[in-house]
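Just below is one structure, and these are the notes that go with it.
In listed order, ligands and their atoms are each counted from 1. Just so you know, these numbers come straight off a predicted model, no measurement behind them.
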Amino acid sequence: MVQGALKADALRGKTIVVTGGGTGLGKAMSHYFSELGANVIITSRKIEVLDQTAKEISAATGNPVLPIACDVRDVEQVEDLLRKSEEEFSRVDLLVNNAAGNFISPTERLSANAFSTVIDIVLKGTVNCTLTFGKNWIAKQQKASVLNIVTTYAFTGSGYVVPSAIAKAGVLALTRSLAVEWGKYGIRNNAIAPGPFPTKGAWDRLLPGELMEKFDFKNRVPLKRVGEHQELANLAAFLLSDFAGFINGEVVTIDGGEWLQGAGEFNNLEAIPTDMWDTIADTIRKNNKS
Ligand code: HXC
Ligand code: NAP
């Protein structure tokens, strides 16, 4: 099992808001931030899930975790999230835009509402949070940092998850744009592009039922495995911490080499058995002389 990478108390004194913090990768990151001493606010639509996660994390780490219900699509709810967070901890230092909606579907089967539902959660939700917290930091002349969880298909695109691909690409553009524009305020903007990390939310919607066996993610990854949540949490904690104070506008891929495997022209030659390579080499040498 992967261990926590940062030294104890690396995030002590920091207050971090994690959207989608009640489940999956948001929960794993929140747990680790709390273990490192941060005050953590977890937010999503389902308050019962948040309450349970907050109790669980706080009991394990001894640090405060505040659950606040908020639909990131609604800017008034996001403003309320900021207000309640400041009431409890007096200020927020770091924001992780992790909430997402996604499911596989041929694009032509999607209704207008299906398309905009995903875009609204991922792109508009990230904009709502970034802008609300960012305006507040700028007004207060407070240094801060935003971390956006995208995917590798934010830069490659992908069929069958087109609303998500469009929205994540938008979030990546937002990350790079604000890294420059808000650098002068001491606000860093970075992103993480994860490959496959098993979570119920993603697996239920991306490889439901027997699809999991047929399209097992780990077969697409050169390292022949999926990610461990702690590996992502380690990277997120580092990028948010003061140790990464000069990293701004970066997107860090954590996918075991998955997207490059799909991109390299000859990577599928892995299917050639080792003993065939002698024959292939002989044929090429012969061809060189003809
Ligand atoms: C076609 C679908 C559909 C499906 C929903 N819709 N599921 N259309 N195929 N499988 C349509 C509905 O019919 C409706 O359109 C519209 O989408 C909105 O659906 P609702 O159920 O009303 O929306 P809502 O309750 O807001 O739920 C949002 C959601 C849901 C995105 C549909 O899945 C959700 O709550 N997701 C949150 C968690 C999540 O998605 N986690 C996975 C993240 S993984 P009509 O026209 O009928 O009104 C990820 C990256 C993975 O992001 C990368 C892996 C490598
Ligand atoms: P997940 O557990 O389903 O996480 C998504 C979270 O977003 C949920 O907690 C959900 O909670 C919240 N959410 C959805 N709609 C919301 C809204 N309108 N307002 C507020 N919160 C909302 O899936 P996950 O796999 O951990 O995904 C986390 C992040 O990693 C996402 O950004 C995803 O795109 C990214 N990612 C995941 C993988 C992977 O392999 N798992 C790969 C690449 C990228 P509620 O339902 O309570 O609102």
Side-chain angles (χ1 to χ4, degrees), residues 17-31 42-53 67-75 77-78 81 96-126 128-129 147-156 158 160-169 171-172 191-209 211-212 215-218 220-221 226-229 231-233 235-236 251-256 258-259 262:
V17 169
V18 181
T19 71
T23 64
L25 299 180
K27 178 177 177 180
M29 287 187 281
S30 298
H31 194 291
I42 55 174
T43 186
S44 77
R45 295 164 298 178
K46 300 191 190 95
I47 190 63
E48 324 79 58
V49 174
L50 295 171
D51 281 340
Q52 178 58 36
T53 298
I68 300 178
C70 167
D71 186 327
V72 293
R73 291 173 283 194
D74 179 349
V75 74
Q77 291 189 39
V78 174
L81 165 70
V96 182
N97 286 307
N98 165 79
N102 197 6
F103 50 82
I104 51 166
S105 174
T107 308
E108 66 276 16
R109 288 172 57 102
L110 295 174
S111 67
N113 187 40
F115 222 101
S116 57
T117 296
V118 172
I119 292 184
D120 283 355
I121 299 171
V122 176
L123 182 55
K124 192 175 159 201
T126 301
N128 283 342
C129 292
L147 180 63
N148 296 321
I149 308 301
V150 294
T151 70
T152 52
Y153 59 68
F155 36 88
T156 62
S158 175
Y160 302 96
V161 283
V162 169
S164 172
I166 292 171
K168 294 286 192 184
V171 172
L172 186 53
I192 293 177
F197 283 77
T199 67
K200 181 168 167 39
W203 263 220
D204 281 359
R205 293 172 176 90
L206 300 173
L207 289 182
L211 290 189
M212 178 46 82
F215 297 101
D216 193 345
F217 281 121
K218 70 177 180 310
R220 296 175 32 83
V221 178
V226 291
E228 282 190 39
H229 289 196
E231 293 176 310
L232 184 97
L235 177 59
V251 54
V252 182
T253 297
I254 176 165
D255 75 342
E258 182 193 30
W259 87 267

Original post:
Aromatic rings Trp259 and Phe155: how do their planes relate, parallel, tilted or perpendicular, breaks at 30° and 60°?
Top reply: perpendicular
**OP:** Kindly tell me which protein residues have any non-hydrogen atom under 4.0 angstrom away from an atom of ligand 2, grouped by chain and ordered by number?
**Re:** Gly20, Thr23, Gly24, Leu25, Ser44, Arg45, Lys46, Cys70, Asp71, Val72, Arg73, Asn98, Ala99, Ala100, Ile121, Ile149, Val150, Thr151, Lys168, Pro194, Gly195, Pro196, Phe197, Thr199, Gly201, Ala202, Trp203
Do any N or O atoms from the side chain of [X] and from the backbone of [Y] form a donor-acceptor pair under 3.5 angstrom?
{"X": "Asn98", "Y": "Val18", "answer": "no"}
{"X": "Asp71", "Y": "Arg45", "answer": "no"}
{"X": "Thr43", "Y": "Ile68", "answer": "yes"}
{"X": "Gln77", "Y": "Asp74", "answer": "no"}
{"X": "Asp255", "Y": "Pro194", "answer": "no"}

Subject >> Residues forming a salt bridge (Lys or Arg N to Asp or Glu O under 4.0 Å) with Asp51, sequence neighbours excluded >> reply: none
Original post:
Do the side chains of Val75 and Lys124 get nearer than 4.5 Å, heavy atoms only?
Top reply: no
Could you tabulate the donor-acceptor pairs under 3.5 Å formed by side-chain atoms of residues 101-110, not counting sequence neighbours?
from, atom 1, to, atom 2, distance (Å)
Asn102, ND2, Tyr153, OH, 3.0

**OP:** Can you tell me which residues line ligand 1 if we count any heavy atom under 4.0 angstrom from one of its atoms, in chain and number order?
**Re:** Arg45, Arg73, Ala100, Gly101, Asn102, Phe103, Ser111, Asn113, Ala114, Thr117, Thr151, Tyr153, Gly201, Ala202, Arg205, Leu206
